[in-house]
Q: 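Take this structure first; my questions come after.
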Amino acid sequence: MSFSSVDLVNMGRDCARDRGAVCSNRALPAQASAPGSHRVSRAGPAGGFLSCEIPLPVAGFPLLWRVLTPLAMATPRVRFAPSPSGYLHIGGARTALFSWLWARGQGGQFILRVEDTDQERSSVDSVAAVLDGMKWLGLDWDEGPEVGGPNGPYFQSERRVLYREKTDELIAKGHAYRCYCTKAELDAQREALKAKDPKAKFRYPGTCRDRSDTPDIPHVVRFKVPSSGRTEFKDLVFGVVSTPNDAQQDFVIVRPDGFPLYNLACVVDDHEMGITVVARGKDHIGNTPQQIMMYEALGWDVPDFAHLPLMLSSKGDKLSKRHAAVGVQDYRDRGFTPDGVLNYLARFGWSYGDQEIFTREELQKYFSWDRVGKADGKFDERKFADVAFEHLKRPELTGDDAYIAGTLRFLEKRGFESPSADLVARALSTIRDRAKSFEDAAWHLDFYFRDEPEMDAKASKKFLKPDNAQHLEGFHEIVADCDWDAEILEKAVTDWVAETGVKMKLVAQPARVALTGRSASPGLYDVMVLLGKERSLSRVLAGIEIAKQAGG
RNA sequence: GGUCCCAUCGUCUAGUGGUUAGGACACCGGCCUCUCACGCCGGGAACAGGGGUUCAAGUCCCCUUGGGAUCACCA
């Protein structure tokens, strides 16, 4: 079979466009195309291109594989593999979410694995923080820390024996070798090159590549990268990605202290844990070829890869702590709901027609890789706030009990001891479409929990002034005679205002400030009912005093 | 610099050759109104540029430009 270059290019495109079709066909194993979707070619550029033919005969090449595939593998095993950094990054949370959605939506498994091979960066606390973030978001895992599972341990630092075995195998097969060059030596060479030619890019010169003796002195282990050909794979999001092998150098897979590096540990674990879909940030797309080389060298099936476009700051650079909240814990601490956060995250790089608001069940049902976009995006605080708010507004998204519990937490934070859940419950309907977060909700309810409202100076100055004192007195007189019911109060006040010809505003605003200490609040009569007759009347009286004394 | 990737309103996006280019956030008007919100109605706002292919291109191809990622004994 031969193709013109145009044909080949077109075929590659077809591959890319088919990515969704393969995945969304539930009758097939989700990764039906996996075995044919990658190839390491060592025959030069032309051979590399030819591998484009592989994804096409879906019914051909993968047939044998399908027959041999255990039924259980028809559903995906997706992992999230964070490194413990002290908090769950919002971008990492999105990767976790997409992975989790795919696993849950397809009836597969979601595996959590901690990549703590870098001892300097990990600690018990930082692992706990990541786990906390996952738990708060409700991204539960079937295998991993705390829950265990048949493929444990789920901490890379506890799997060193395994990496050692595979490294030995790689060396025995001639795919890896010991390198005795020290970091200091290499750095010196790097410097020397830089001095000679500032623009030159240093590459490991292959000093130990063909060394025949293997003395037992400190060394790293390097993977022997093929010097020609191309490595390519079919990404679930990006389609076919093809890289020349000579763009790689013999990369280190084991450090002198015996600890594996990311690429090795990742490949060994993903294989040993039976992972079928590797989803991660697009910043990993560059070492995917290296990993595929290792899969091939070890004779293993290559999983599907799904690289996610990056979540950037509003300015377009890397989203870091400097740009407000990057840890999911921050969102919890600011009083948002996990579902609201998840909803925003889901819509970031993924879409489902014009729908903006989703329940987590809908997310599971609708999610698929072919609806994931390719372009990086900028985090938008305001859009996030809106999505989060939408979740707070709708009782079907945030139930009354959850709302009350969330608000109580923040009332306590404001210093109120065991605030009344009953009062919050009764006030709920008046704050649902006002509070942007539970923290905000607690602020809105603040004045109910104090003996005296905290008086806003501006509001007081503007409305509690001598001119309004008589209006407030009239108001007091009218409501004092009423049964304490919102409708009755409203009618009484409205009628009185109509009779006397006083502007409603001149009554309502001073009354509001007297009752709440603020110039903005939920409806006056609702507030009065929740406050109770006694407290309402005394606050109005107090307001009258303030008004009389103001300016005089 | 090499390699890889990306490109529709300010932002998140719909769009798979034929659309008045749709939605959401934000913004600007208006309505509602005891304030603030909510809600409702309306408005401005985008296919980076240039070549092809085609009867027809935001959609396919190429180039340019712009942006990003990555080139570690980090992950």
Side-chain angles (χ1 to χ4, degrees), chain A residues 6 9-10 13 17 20 81-83 85 115-118 120-121 156 179 181-183 186 190 198-204 219-222 235 238 241-244 246-249 251-257 259 261-263 265-266 280-289 307 309-310 312 314 316-318 344 347-357 371 373-387 389-390 393 430-436 444 459 463 490 493-494 497 503-513 516 518-525:
Chain A
V6 172
V9 166
N10 287 336
R13 179 152 301 279
R17 293 178 56 174
S83 56
S85 57
E115 310 222 321
D116 57 347
T117 56
D118 187 350
E120 287 171 20
R121 300 208 318 204
Q156 290 190 325
C179 171
C181 302
T182 65
K183 187 153 184 357
L186 258 18
R190 200 186 315 264
K199 281 179 283 190
K201 181 69 194 175
F202 179 77
R203 285 172 63 104
Y204 172 67
H219 61 274
V220 300
V221 177
R222 285 180 186 273
D235 193 272
F238 287 95
V241 178
S242 173
T243 336
D246 61 13
Q248 316 286 350
Q249 47 187 319
F251 53 92
V252 176
I253 57 177
V254 181
R255 293 197 279 211
D257 62 6
F259 271 91
L261 253 17
Y262 171 69
N263 278 317
C266 181
R280 64 207 344 179
K282 203 181 68 178
D283 48 335
H284 283 286
I285 209 165
N287 52 41
T288 304
H307 288 94
L310 267 24
L312 274 16
S314 57
D317 49 358
K318 201 163 185 178
Y344 177 76
R347 279 287 290 103
F348 195 100
W350 174 84
S351 62
Y352 190 75
D354 283 342
Q355 189 170 344
E356 297 284 351
I357 302 301
R371 304 199 67 94
K374 300 177 186 178
D376 295 342
K378 297 174 185 172
F379 187 92
D380 185 354
E381 204 94 30
R382 293 173 302 189
K383 175 88 173 190
F384 166 77
D386 179 72
V387 173
F389 185 30
E390 209 59 49
K393 270 189 297 196
T430 71
I431 55 170
R432 263 219 198 254
D433 48 22
R434 287 184 171 77
K436 309 289 185 186
H444 276 288
F463 295 109
E490 176 163 18
V493 174
T494 309
V497 164
K503 284 244 190 265
M504 186 58 162
K505 258 186 199 178
L506 295 179
V507 175
Q509 282 305 80
R512 185 186 318 285
V513 176
T516 69
R518 302 164 180 176
S519 58
S521 81
L524 211 50
Y525 313 106

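Throughout, protein chains are lettered first and strands after them, A, B, ... in sequence-line order, and every chain is numbered starting at 1. Keep in mind that this is a model prediction, so the values were computed, not measured.
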Q: Working to the nearest 0.5 angstrom, can you tell me the gap between Phe379(A) CZ and Leu310(A) CG?
A: 14.5 Å
Q: Kindly point out which of rU11(B), rU35(B), rC6(B) is positioned nearest to the side chain of Asp380(A)?
A: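 Within the option list, the nearest is rU11(B).
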Q: Looking only at atom types and distance, does a side-chain atom of Arg203(A) sit under 3.5 Å from a main-chain N or O of Gln248(A), one as donor and one as acceptor?
A: yes
Q: For rC74(B), take OP1 and OP2 only and decide whether either is under 4.0 Å from a side-chain N or O of Arg255(A).
A: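 So the side chain of Arg255(A) is within the cut-off, an N or O lying under 4.0 Å from OP1 or OP2 of rC74(B).
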Q: Answer with yes or no whether Arg434(A) presents, from its side chain, a donor or acceptor under 3.5 Å of a partner atom in the base of rC36(B).
A: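 Present.
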Q: With nearest nucleotides of RNA chain B determined for Pro309(A) and Pro244(A) from heavy-atom distances, which residue corresponds to the more 5′ nucleotide?
A: Pro244(A)
Q: Could you work out which one of rG22(B), rA24(B), rA75(B) sits closest to the side chain of Lys383(A)?
A: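 It is rA24(B).
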Q: For the pair His284(A) and Tyr262(A), name the ring-plane relationship: parallel under 30°, tilted 30 to 60°, perpendicular over 60°.
A: tilted
Q: Find the distance between CZ (Phe238(A)) and NZ (Lys374(A)) and round it off to the nearest 0.5 Å.
A: 7.5 Å
Q: Counting heavy atoms from C-beta on, name the nucleotide in rG39(B), rG10(B), rC5(B) closest to the side chain of Val241(A).
A: rC5(B)
Q: Is Ser351(A) near enough to rA14(B) that one of its side-chain N or O atoms lies under 4.0 angstrom from OP1 or OP2?
A: yes
Q: Starting at CD of Gln509(A), measure out to CG of Leu524(A) and round the result to the nearest 0.5 Å.
A: 8.5 Å
Q: Quick one: CZ on Arg222(A) to CG on Leu261(A), what's the gap to the nearest 0.5 Å?
A: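 Between Arg222(A) CZ and Leu261(A) CG, I get 10.0 Å after rounding to 0.5 Å.
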Q: Let's test your reading of the model: under 3.5 Å, does the base of rG23(B) pair with the side chain of Glu356(A) as donor and acceptor?
A: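 Counting by modelled atom types and ignoring angles, a donor-acceptor contact under 3.5 Å is found here.
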Q: OP1 or OP2 of rA72(B) sitting under 4.0 Å from any side-chain N/O of Arg203(A)?
A: no
Q: What's touching nucleotides 65-70 of chain B from the protein side, N or O pairs under 3.5 Å?
A:
{"residue": "rG68(B)", "atom": "O2'", "partner": "Asp376(A)", "partner atom": "OD2", "Å": "3.1"}

Q: Please state whether the phosphate of rG1(B), meaning OP1 or OP2, lies under 4.0 angstrom from any side-chain nitrogen or oxygen of Lys201(A).
A: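 Result: no.
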Q: Identify which nucleotide among rC38(B), rC73(B), rC6(B) has an atom closest to any side-chain atom of Phe238(A), counting heavy atoms from C-beta outward.
A: rC6(B)
Q: Compare the minimum distances between each of rA24(B), rU3(B), rC6(B) and the side chain of Asp386(A), then state the nucleotide with the smallest one.
A: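 It is rA24(B).
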